[in-house]
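For the numbers below, each heavy atom of this structure counts, side chains included, while hydrogens, waters and symmetry mates do not. One-based numbering, in listed order, for ligands and for the atoms of each.
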Amino acid sequence: MEKFEVAIIGGGVGGLTLALRLAQNNVKVLVIERDQNPGKIYKGELLQPKSLYHFKEMGIEEKIVDGSLALPTIHTYELKQNMRGTIEKSMYIPLHYDRLKTTFPEARMIPHERLKNIILEEAKSYEKFHYWNPAVFQRFTKVDEKRSQFSRASIKKNKEEIEIEADFFVGAEGRTSIIRKAMKQNLVTTQYNHHFLTVTFPRPENYLEARMYASHKSFIGIFPLPDNEVRCVMLIKPGDYNKMKKEGMSAFTEPFIKFEPELKDYVTQIESWKKIQLMVPIRHNIHEYVKGNAAIIGDAAHAVHPMAGEGMNLAIQDGAILGDLLGWMYEKNNLNPKNLKMFEKVRKKRADRLSLLSHFSALGYAWPFRWYQFGRMFALKRFERHPILHYKHMLNISGVGWWAYTPMDVLRFFGPSSMYIKPIFNKRSKRAIFTDEDDYPWRTK
Ligand SMILES: Cc1cc2nc3c(=O)[nH]c(=O)nc-3n(C[C@H](O)[C@H](O)[C@H](O)COP(=O)(O)OP(=O)(O)OC[C@H]3O[C@@H](n4cnc5c(N)ncnc54)[C@H](O)[C@@H]3O)c2cc1C
């Protein structure tokens, strides 16, 4: 029977990041991935600064920078839409990543499969990295229920059932996780009153800004990708997908052209509804990421609403942090599974906060009323105008740090922006950035 130190179920972005980190730490790791062909469904493409920082630690940031496009600012427009459907811009709110004083003061757009390939190719250059694809994790075959100790598992590979042994098992299988079930974790699920349509299509060479357009009853986001493409997302009511499909392509392109006439000759190049994917947003949370010698990361542990572009980033950051911890455990020859709880301690709080932040961002666009849009415009403008609120928001979504919202923020929110006091801002903002000690507390043990 083949034995590995760590077996990872799922070679998505989270599982691969974890595997690369482990291989770099000289840990014998197996990734079991079911899908042989590049994923056809759309998954996240926006890399937050903290994920870029972790890739820098792993030595692959240059390849990622070369294969992606920088977004220093997200340009948000609120639009007035009258009864006849005519649209005019009524407010512009830019949100600047470059306010952050960090290694990467920007987000980056990269095709999901390209990112996975960069990580996978790098991992393959390490002797300790093993990749079974296509292969499917079936079930655990040896479990000590009392100690939650999982020792053996059955894998289907080349139509054969193979048993493997591992010191640690990590579930990185996405939303439907077998390891999570084996850990007997119950999901707390939130559903939303809207769906999204998403598609990529060509863009003009100089169309390089991320733009979000919202009226009181519509929302579209346009995010430029490398290779002269854009990713577009459009919010719709549940049930509208089938109706729009019956109406034909114009049901998608016409509202789009109203919001962004500049892309008229490009959006009309979408050949058929087959290219447009329906996304049903969902949020789930669980109580524990670790049980005995098993852990879960990424969407297996926490699916988040896609509005703030966090899901893929949480998976990457989980992988990087757990990889460092397991690497440290092997280096120190301290394989007590209780150590895994340190991963949960670092990551759960951060993931829960970003899950909530994504949830609130989603609620901001959830109801189609003019007064609701007015409230959103007021809030967005306040966040943009006040330097501390602006900084806090960008810091918190970037993953680079966390600066908690306080009662003082309520005063900042409603008061004049002259309440900005520079020295306090500088000192406090520095403390809000996660240090290596925050990310990897075991290193100082
Ligand atoms: C429609 C959609 C839109 C999204 N939009 C965004 C966005 O805009 N921004 C963002 O940051 N995030 C977005 N996300 C979320 C993001 O894609 C996920 O958070 C991220 O991919 C999670 O990574 P992961 O590695 O945890 O899981 P996944 O990427 O889901 O990878 C899991 C892998 O496990 C494999 N697997 C599953 N079961 C088994 C098994 N039994 N045996 C072997 N292999 C198995 C699967 O084939 C898959 O490759 C979106 C997700 C979806 C579904």
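Under 4.0 Å from ligand 1, the heavy atoms of Gln277 that appear belong solely to its side chain. Neither the backbone nor the side chain of Ser177 has any atom closer than 4.0 Å to an atom of ligand 1 (non-hydrogen atoms only). Contacts of Leu314 with ligand 1, taken as heavy-atom pairs under 4.0 Å, are absent altogether. Only side-chain heavy atoms of Ile9 come within less than 4.0 Å of ligand 1; its backbone N, CA, C and O stay farther off.
Summarising the contacts of atom 53 (C) of ligand 1 with Arg139, Arg175, Met109, Met279, the nearest heavy atom is found in Arg175. Across the listed options Glu173, Met312, Arg34, His302, Met312 owns the non-hydrogen atom lying nearest to atom 11 (O) of ligand 1. Distances from atom 32 (C) of ligand 1 to the heavy atoms of Ala303, Ala172, Gly298 put Ala172 nearest.
The main-chain N or O of Gly174 is never found under 3.5 Å from a side-chain atom of Ser177 such that the two would form a donor-acceptor pair. Formation of a donor-acceptor pair under 3.5 Å by the Gln48 side chain with backbone atoms of Ala107 is not found in this model. Within the 3.5 Å criterion, the main-chain N or O of Met249 finds no donor-acceptor partner in the side chain of Glu254.
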* To do: Under the ring pair (Phe, Tyr, Trp, His ring centres under 6.0 Å) rule, what do His305 and His194 come out as? Steps first, then yes or no, please.
  => CA-CA 11 Å; His305 189 286; His194 53 266; 5.2 Å; yes

* To do: Might you work through the ring pair (Phe, Tyr, Trp, His ring centres under 6.0 Å) test for His130 and Phe4, ending with a clear yes or no?
  => CA-CA 9 Å; His130 302 262; Phe4 299 89; 5.5 Å; yes

* To do: Please test Gln373 against Ser215 for side chain to side chain donor-acceptor pair (under 3.5 Å), starting from the C-alpha separation and ending with a verdict.
  => CA-CA 7 Å; Gln373 182 190 22; Ser215 72; 5.7 Å; no

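Geometrically, Lys245 does not engage Trp273 in a cation-pi contact, judged by NZ or CZ lying under 6.0 Å from the ring centre and within 45° of the ring axis. Both tests pass for Arg211 against the ring of Tyr207: distance under 6.0 Å to the centre and angle within 45° of the axis.
With respect to atom 30 (O) of ligand 1, the closest heavy atom belonging to the protein is Lys43 NZ, 2.7 Å. Tyr42 O, 3.4 Å is the protein heavy atom nearest to atom 2 (C) of ligand 1. In terms of protein heavy-atom proximity, atom 49 (O) of ligand 1 is closest to Glu33 OE1, 2.8 Å. Looking only at heavy atoms of the protein, atom 25 (O) of ligand 1 is closest to Gly14 N, 2.9 Å. Nearest protein heavy-atom neighbour of atom 42 (N) of ligand 1: Phe137 N, 3.1 Å. Looking from atom 9 (N) of ligand 1 to the surrounding protein, the closest heavy atom is Gly44 CA, 3.5 Å. Taking atom 26 (O) of ligand 1 as the reference point, the nearest protein heavy-atom neighbour is Asp299 N, 2.9 Å. Shortest contact from atom 34 (O) of ligand 1 to any protein heavy atom: Gly10 CA, 3.2 Å.
Just one of Arg152, Lys3, Lys142 meets the side chain to side chain donor-acceptor pair (under 3.5 Å) condition when paired with Glu165; it is Arg152. Exactly one residue among Phe201, Phe219, Tyr213, Tyr266 makes a ring pair (Phe, Tyr, Trp, His ring centres under 6.0 Å) with Phe256. That residue is Phe201.
Atoms of ligand 1 found under 4.0 Å from any heavy atom of Asp35 (numbered from 1 in listed order, with element): 47 (O). Taking a cut-off of under 4.0 Å to the non-hydrogen atoms of Gly174, the atoms of ligand 1 that pass are 27 (O), 30 (O), 32 (C). Those atoms of ligand 1 that come under 4.0 Å of a heavy atom in Ile32, given as number and element, are 43 (C), 44 (N). Counting the atoms of ligand 1 from 1 in the order shown, those under 4.0 Å from a heavy atom of Ala135 are 43 (C). Those atoms of ligand 1 that come under 4.0 Å of a heavy atom in Ala315, given as number and element, are 22 (C), 23 (O), 26 (O). Taking every non-hydrogen atom of Asn313 and a distance limit under 4.0 Å, the qualifying atoms of ligand 1 come out as 11 (O). Residue-ligand proximity, Val136 to ligand 1, at heavy-atom distances under 4.0 Å covers atoms 41 (N), 42 (N). The atoms of ligand 1 that sit less than 4.0 Å from any heavy atom of Ile178 are 41 (N).
Contact between His112 and ligand 1 is present, with at least one heavy atom of the residue lying under 4.0 Å from the ligand. Put simply, no part of Pro281 is less than 4.0 Å from ligand 1, judged by heavy atoms.
When only interatomic distances are considered, the shortest N/O to N/O separation between Leu46 and ligand 1 does not fall below 3.5 Å.
Within the 4.5 Å cutoff, the side chain of Arg114 has heavy atoms near those of the Ile110 side chain.
Pairing each heavy atom of Ile119 with each of Ile60, the nearest pair is CG1-CD1, 4.1 Å. Across Gln138 and Glu161, no two heavy atoms sit closer than the pair NE2-OE2, 3.1 Å. Smallest separation of non-hydrogen atoms from Arg147 and Asp144: NE-OD2, 3.0 Å.
Between His302 and His284, the ring center distance fails the sub-6.0 Å criterion.
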